[in-house]
Amino acid sequence: METKIYTRTQIPEAAAALAAGELVAFPTETVYGLGADATNEAAVKKVYQAKGRPSDNPLILHVADVAAVEAAVADFPDKARQLIKAFWPGSLTLIMTLKPNTFSKTVTGGLSTAAFRNPNNAATLALIKALGRPIVGPSANTSGKPSPTLAKHVYHDLKGKIAGILDDGPTGVGLESTVLDLSTETPVILRPGAVTKADIEAVIGSIENNQHHVAADEIPKAPGMKYKHYAPNAQVVIVPTPAEFQAALDWATAQHQPFGVLATDQQLAQATQVSAANQFSLGDTVETASRALFAGLRYFDLKPEIKLILAEGFPKTGLGVAYMNRLEKSAGQKYFSKDEWLMLYSNYTW
Ligand code: TXA
Ligand code: MG
């Protein structure tokens, strides 16, 4: 199958492909999604196939307006209305209990709830309106790989497997939406994103966090949490503080193998021993770093000689919570520590 690149002027064509049961990747303000008509079971099945996604991992329903949510949920909590007013369109996905027989098991993974999101991207809102039905949309990457923040990332992973990609340039936030479960008495954040716990609590009062690491045999609240995520080919090692950066660079240099550095311009300025081709800039703030993280991980995947990536950590506050959540997953929680590593891993081969 030839994968077409649609521009904003070709939204009717992209909507027609969706209506015909084809897959079309779409832009959002977070990452690119892999779209299918949520009411067409055969089309939704193709999403799992194209991504290689485990079938028990439910999909987010992307809607153009609140009416689509009202039509599908059994009980529309007041808290949902308040949050929708404050954050939609935007990076907050809300899980609510469905009316019976609304969406197929293929969409919900067999759960009685579903996740709803109203993305802040004009082209995609127009696409959903043109189709006239919600579209499912997991991130448009091969399962396990970093999420796509550019149309070319989608093309790299899914060319030949999907009908097209609606290209609207780079995404803004760069990390997937906050997922908030409203089906329980106290709302719970299942995945941190750009809408923070404090942002939500300012609107609806106290909520909980549930971002613990889920073991393979445990039944997780968000099924997606148990799978390997954001993993590039190289081992990612997090350098937790700017103070440790020089020590990490010295340690990696002493291993005599090429390595990549994913860091802010300030830290890259210290990396004089690393060629420009093995450096990827995260800009200079946690906002620019979040936007660039997945592109940086993908950049090093194109360089097979790179087996290790030193990546800069940020404090776990504000957007830093979501940034570190994704970075820790990509690193399998591996942190550089000056005192331990210089002793433990001299002559480490990776
Ligand atoms: O920013 C985003 O949310 C992007 C863009 C494309 O909208 N989408 C995205 O989808 O990240 P995906 O499928 O990669 O991640 C959705 C997460 C998964 O961890 C999934 O398990 C969880 O949300 N999820 C979906 N429906 C759920 C439900 N009913 N209950 C619990 N977790 C659910
Ligand atoms: Mg994903």
Side-chain angles (χ1 to χ4, degrees), residues 23-36 38 44 47-48 50-63 72-74 87-98 102-103 105-121 124-125 127-128 134-149 151 153-154 157-158 165-166 168 171-184 187-195 210-211 214 219-231 290 294 322 325-326 329-330:
L23 305 186
V24 175
F26 60 89
T28 79
E29 81 284 18
T30 59
V31 301
Y32 275 77
L34 180 55
V44 178
V47 170
Y48 288 90
K51 277 184 62 98
R53 180 177 174 107
S55 61
D56 65 345
N57 193 0
L59 304 173
I60 295 176
L61 293 158
H62 292 74
V63 297
V73 302
F87 300 112
W88 279 17
S91 316
L92 179 63
T93 295
L94 300 174
I95 294 176
M96 287 179 263
T97 304
L98 286 172
T102 36
F103 290 97
K105 262 193 181 169
T106 321
V107 173
T108 63
L111 300 173
S112 56
T113 56
F116 294 91
R117 162 155 155 71
N118 182 223
N120 191 9
N121 178 283
T124 287
L125 291 175
L127 178 68
I128 301 169
I135 58 176
V136 293
S139 47
N141 50 283
T142 298
S143 204
K145 286 291 162 192
S147 296
T149 54
H153 297 154
V154 182
D157 283 15
L158 300 176
I165 305 169
L166 176 55
D168 192 39
T171 62
V173 177
L175 305 175
E176 306 86 342
S177 62
T178 306
V179 176
L180 182 70
D181 189 352
L182 287 174
S183 70
T184 51
V188 187
I189 293 186
L190 301 181
R191 179 177 72 185
V195 177
N210 181 9
Q211 300 157 33
V214 181
I219 297 174
K221 274 298 280 175
M225 292 195 300
K226 70 176 179 238
Y227 298 108
K228 197 174 168 193
H229 262 92
Y230 318 118
S290 297
F294 292 149
N325 171 271
R326 306 313 192 274
K329 286 187 181 184
S330 76

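Small disclaimer: the values here were computed from a predicted structure and weren't measured. Counting begins at 1 with the first residue of the sequence. Start at 1 and go down the list; that is how both ligands and their atoms are numbered.
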Only one of Ser147, Pro192, Pro146 passes side chain to side chain contact (heavy atoms under 4.5 Å, CB included) with Arg326; say which it is.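 Exactly one pass, corresponding to Pro192.
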Of the options Leu94, Thr93, Ile189, Thr30, which is the one that meets Thr178 in a side chain to side chain contact (heavy atoms under 4.5 Å, CB included)? Ile189
Ala114 near ligand 1, heavy-atom distance under 4.0 Å? yes
If we only count N/O pairs under 3.5 Å, is [X] in contact with ligand 1?
X      : result
Arg53  : yes
Ser139 : yes
His62  : yes
Asn57  : yes
Thr28  : no

Can you name the atoms of ligand 1, numbered from 1 with element, that are less than 4.0 Å from a heavy atom of [X]?
X      : result
Leu111 : 28 (C), 29 (N), 30 (N)
Ala115 : 25 (C), 26 (N)
Ile95  : 27 (C), 28 (C), 30 (N), 31 (C), 32 (N), 33 (C)
Thr30  : 1 (O), 2 (C), 5 (C)
Ile60  : 3 (O), 8 (N), 9 (C), 10 (O), 16 (C)

Pairwise distance [atom1]([X]) to [atom2]([Y]) - rounded to 0.5 angstrom:
X      : Y      : atom1 : atom2 : value
Ile135 : Leu127 : CD1   : CG    : 5.0 Å
Asp56  : Leu111 : CG    : CG    : 9.0 Å
Ile165 : His153 : CD1   : NE2   : 11.5 Å

Which is closest to atom 8 (N) of ligand 1 in terms of heavy atoms, Ser177, Gly137, Ser147, Gly33? Gly137
Testing the basics here: between Val173 and Ser91, what is the closest heavy-atom pair and its distance to 0.1 Å?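 In terms of heavy atoms, the two residues are closest at CG2-OG, 4.0 Å.
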Can you tell me how the ring of Phe294 sits relative to the ring of Tyr230, calling it parallel under 30°, perpendicular over 60° and tilted otherwise? parallel
Distance-only side-chain donor-acceptor flag, Arg117 / Thr28, under 3.5 Å: yes
Is Ser139 close enough to the Mg ion (ligand 2) that one of its N, O or S atoms comes in under 2.8 Å? yes
Could you tell me whether a side-chain N or O of Tyr32 sits under 3.5 Å from a main-chain N or O of Thr171, the two making a donor and an acceptor?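 Checking the backbone N and O of Thr171 against the side chain of Tyr32, no donor-acceptor pair under 3.5 Å is found.
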